[in-house]
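Letters A, B, ... mirror the listed sequences (proteins, then strands); counts begin at 1.
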Amino acid sequence: MSDLVRDVRVRFAPSPTGPLHIGGVRTALYNYLFARKMGGKMLLRIEDTDQNRFVPGAEAYIIEALNWVGIQIDEGQTANGPSGPDAPYRQSERRDIYQREALRLVEEGKAYYAFDTADELDAMRKRLEEANAPAAQYNAITRMQMRNALTMSAADVKARIDGGEPHVIRLKTPRKEEVRLNDIVRGWVNVHSSAIDDKVLLKSDGLPTYHLANVVDDHLMNISHVIRGEEWLPSAPLHVLLYRYLGWEATMPQFAHLPLLLKPEGNGKLSKRDADLGGFPIFPLQWTDPFSGTVARGFREDGYLPEALVNFLSLLGWNPGTEQELFSMNELIEAFDLEKIHKGGARFDIEKARWFNHQYLRQRSNAELAPAVQVQAQAAGLDCSPEKAEQVVALLKERVNFAHDIFPEAHTIFYAPEAYDETIRAAKWNDDARRAVTVFRDALLTYNGPFEADAIKHLLSDTLMQAGIKQGKVMQAMRLALTGSGVGPDLMLTMQIVGKEGVVARLENALDKL
RNA sequence: GGCCGAUUCGUCUAGCGGUUAGGACAUCGCCCUUUCACGGCGGUAACACGGGUUCGAUUCCCGUAUCGGUCACCA
């Protein structure tokens with residue numbers, strides 16, 4: 001580790017093989033929080049070195065998803081193309097660079113050409129397994145039985161390459177060497193080089209594998225910290241070795257391997273299947289698979305607010321050590337600290353995400369939420385003014401977790417009751433109740449004041465008092481008459497929104513049917 | 001299986017040798033309220049196990065168990 005003060009530069013480097021997994025979103029978030037906290041830069045690099053797994057639309061999806069959650073990219077691939085001094089940012093467009101470095105390793109004797117076919121590799125692994133070898137790998141021992149530059153003459157190798165025979169470049173992993181790595185999250189990790197095999201660096205299609213590409217790019221892009229998922233921990237020592245062989249160890253980035261997101265229950269890491277089973281999303285945005293047409297739900301489409309998702313995700317694997325639970329993005333940036341990232345995996349509990357959504361939903365203004373109600377009302381063929389929508393929001397937003405739950409919750413406002421709750425009717429509908437509804441209706445008929453909750457409340461209590469009826473005894477019945485239900489939001493406000501004519505009509509209908 | 005890593009309430013977590021082991025979600029109860037919800041208050045609930053080290057271990061070390069990751073010309 002260097003004591004040199006180095007500009008913080010981090011990258012999020014997803015592979016465009018489909019929609020971004022929620023764990024990837026968290027990785028991106030942690031990178032972003034750290035970059036902002038340190039006054040550094042956040043890069044987005046597209047790791048598309050596997051042509052077979054390329055999925056159209058995936059890159060655009062990733063960019064849109066990051067944008068939606070509020071992660072700003074300083075350099076890298078954007079919706080408008082590459083932006084920054086190290087372009088291009090798609091690895092498929094940087095193949096010359098990787099080839100150059102791979103060749104350099106070959107020339108320096110740190111890597112070598114290999115010509116083994118897939119079948120030959122399979123046979124080798126099978127043989128080793130049957131021989132009960134601890135691990136079936138292509139390494140310092142087995143490579144001498146394979147078809148590569150170490151077992152062939154230079155002339156033979158050259159002839160094969162010149163003749164166009166498919167070949168890869170493999171790392172010549174040292175036989176005995178302790179590789180150490182000081183991970184910010186996990187501390188020192190030691191791995192013996194015998195556990196690292198002769199990984200393919202450059203594939204036969206001329207593109208690099210992840211290992212080569214990420215090391216080369218992180219170096220060239222001056223990445224100071226590699227913050228990535230724990231699934232990379234086992235290959236981190238290999239990357240250290242690569243930095244060393246490429247002569248870049250002095251400026252090697254620091255590593256921080258993040259704990260995984262686990263299934264809500266049971267064993268294993270969080271998968272799409274868990275999401276489907278649990279009825280919740282696992283992708284930030286809805287995704288339509290371009291091949292099958294299958295649609296996967298997204299947090300955004302499911303009604304989650306981006307700030308809620310961010311807050312929820314931020315606390316899955318990290319905690320500032322205070323008892324604060326609600327954090328804006330800026331507060332997260334302020335509080336974020338790589339040292340406080342946990343080591344253990346975190347189970348994904350959607351209940352908590354819902355609670356966060358509730359918290360942020362209630363912070364949104366009525367005007368912001370009103371359109372959601374209007375759209376649903378109109379879709380249901382109802383007339384709903386912006387003013388009415390706002391009133392409905394004001395009345396109900398604290399009762400729900402999602403904006404789209406407001407309209408259904410407002411059912412008793414938009415629709416006069418067609419049926420009445422039988423239990424409440426049996427318990428509360430009596431002579432006093434009928435009389436209360438009658439006198440209130442009569443009072444309403446002659447009432448000319450403003451039809452607002454406060455005024456309605458006074459009118460109601462005055463009327464009931466004059467009729468000698470105890471208000472508490474009949475309110476439940478009044479609610480039944482007005483809404484058909486025994487439960488619901490504030491009745492006076494409900495009446496205000498329904499309007500005087502509507503209220504009178506409902507009362508008369510109740511008198512008729514109850 | 002080899003290698004690497006992890007292990008505090010059901011869940012997310014605080015804790016970095018001495019605490020009545022704290023908070024949040026969920027759950028239960030009470031209060032508020034004409035009802036439900038929100039909100040407020042309170043309750044139930046955890047240091048995986050076994051050895052050490054120490055005056056003293058949730059905390060440090062070693063085992064065991066369990067879980068996870070990884071062992072591709074995928075990332």
Does [X] reach a base, just sugar-phosphate, or nothing at all? Heavy atoms under 4.0 Å.
| X | value |
| --- | --- |
| A:His192 | nothing |
| A:Pro208 | sugar-phosphate |
| A:Val487 | base |
| A:Pro166 | nothing |
| A:Arg354 | nothing |
| A:Lys199 | nothing |
| A:Glu325 | base |
| A:Leu260 | sugar-phosphate |
| A:Asn214 | nothing |
| A:Gly472 | nothing |
| A:Gly268 | sugar-phosphate |
| A:Asp116 | base |
| A:Val168 | base |

Using atom [atom1] of each nucleotide, how far apart are [N] and [M] to the nearest Å?
| N | M | atom1 | answer |
| --- | --- | --- | --- |
| B:G1 | B:A57 | C1' | 35 Å |
| B:U44 | B:G23 | P | 11 Å |
| B:A21 | B:A48 | P | 15 Å |
| B:G18 | B:C12 | P | 25 Å |
| B:G43 | B:U20 | C1' | 16 Å |
| B:G42 | B:C25 | P | 13 Å |
| B:A45 | B:G22 | C1' | 14 Å |

Within 6.0 Å of NE2 in A:His192, more than 12 heavy atoms from elsewhere
yes

Pairs meeting criterion side chain to side chain donor-acceptor pair (under 3.5 Å) with involvement of residues 464-478 of chain A, two or more places apart
none

Checking contacts here: which listed nucleotide ([options]) is nearest the side-chain heavy atoms of [X]?
| X | options | value |
| --- | --- | --- |
| A:Trp355 | B:G68, B:A24, B:C12 | B:A24 |
| A:Tyr210 | B:C73, B:U11, B:A75 | B:A75 |
| A:Val191 | B:C4, B:U13, B:G15 | B:C4 |
| A:Met475 | B:G23, B:C73, B:U34 | B:U34 |
| A:His342 | B:C73, B:C3, B:A14 | B:A14 |
| A:Gln476 | B:U35, B:A75, B:G10 | B:U35 |
| A:Gln359 | B:G39, B:A75, B:G68 | B:G39 |
| A:Glu230 | B:U34, B:G5, B:A24 | B:G5 |
| A:Leu233 | B:A26, B:C4, B:G69 | B:C4 |
| A:Arg125 | B:G68, B:A72, B:C4 | B:A72 |

Any side-chain N or O of [X] less than 4.0 Å from the OP1 or OP2 oxygen of [N]?
| X | N | value |
| --- | --- | --- |
| A:Thr49 | B:A75 | yes |
| A:Lys352 | B:G23 | no |
| A:Lys203 | B:C74 | yes |
| A:Arg347 | B:U13 | no |
| A:Arg362 | B:C38 | no |

Any strand is fair game: report the nucleotide pairing with [N] by Watson-Crick or G-U wobble, both distances under 3.5 Å, or none.
| N | answer |
| --- | --- |
| B:U7 | B:A65 |
| B:C16 | none |
| B:C71 | B:G1 |
| B:A37 | none |
| B:A45 | none |

Below 6.0 angstrom between ring centroids: does that apply to A:His239 and A:Tyr210?
yes

Looking at every non-hydrogen atom in both residues, tell me the closest pair between A:His225 and A:Val10 and how far apart they are.
O-CG1, 3.7 Å

Minimum-distance pair of heavy atoms, taken over all atoms of A:Ala149 and A:Val157:
CA-CG2, 3.7 Å

Need to verify one output field. Residue with the more 5' nearest nucleotide on RNA chain B, A:Glu323 or A:Met492?
A:Glu323

Anything under 30° is parallel, anything over 60° is perpendicular, the rest tilted; go ahead and classify A:Tyr61 against A:Trp287.
perpendicular

Does the plane of the ring in A:Phe414 sit parallel, tilted or perpendicular to the ring in A:Phe407? Use 30° and 60° as the thresholds.
tilted

Look at the side chain of A:Thr209 against the base of B:C73 and say whether a donor-acceptor pair falls under 3.5 Å; ignore hydrogens and angles.
no

Under the ring pair (Phe, Tyr, Trp, His ring centres under 6.0 Å) test against A:Phe312, which residue among A:Phe299, A:Phe348, A:Tyr304, A:Trp355 passes?
A:Phe348

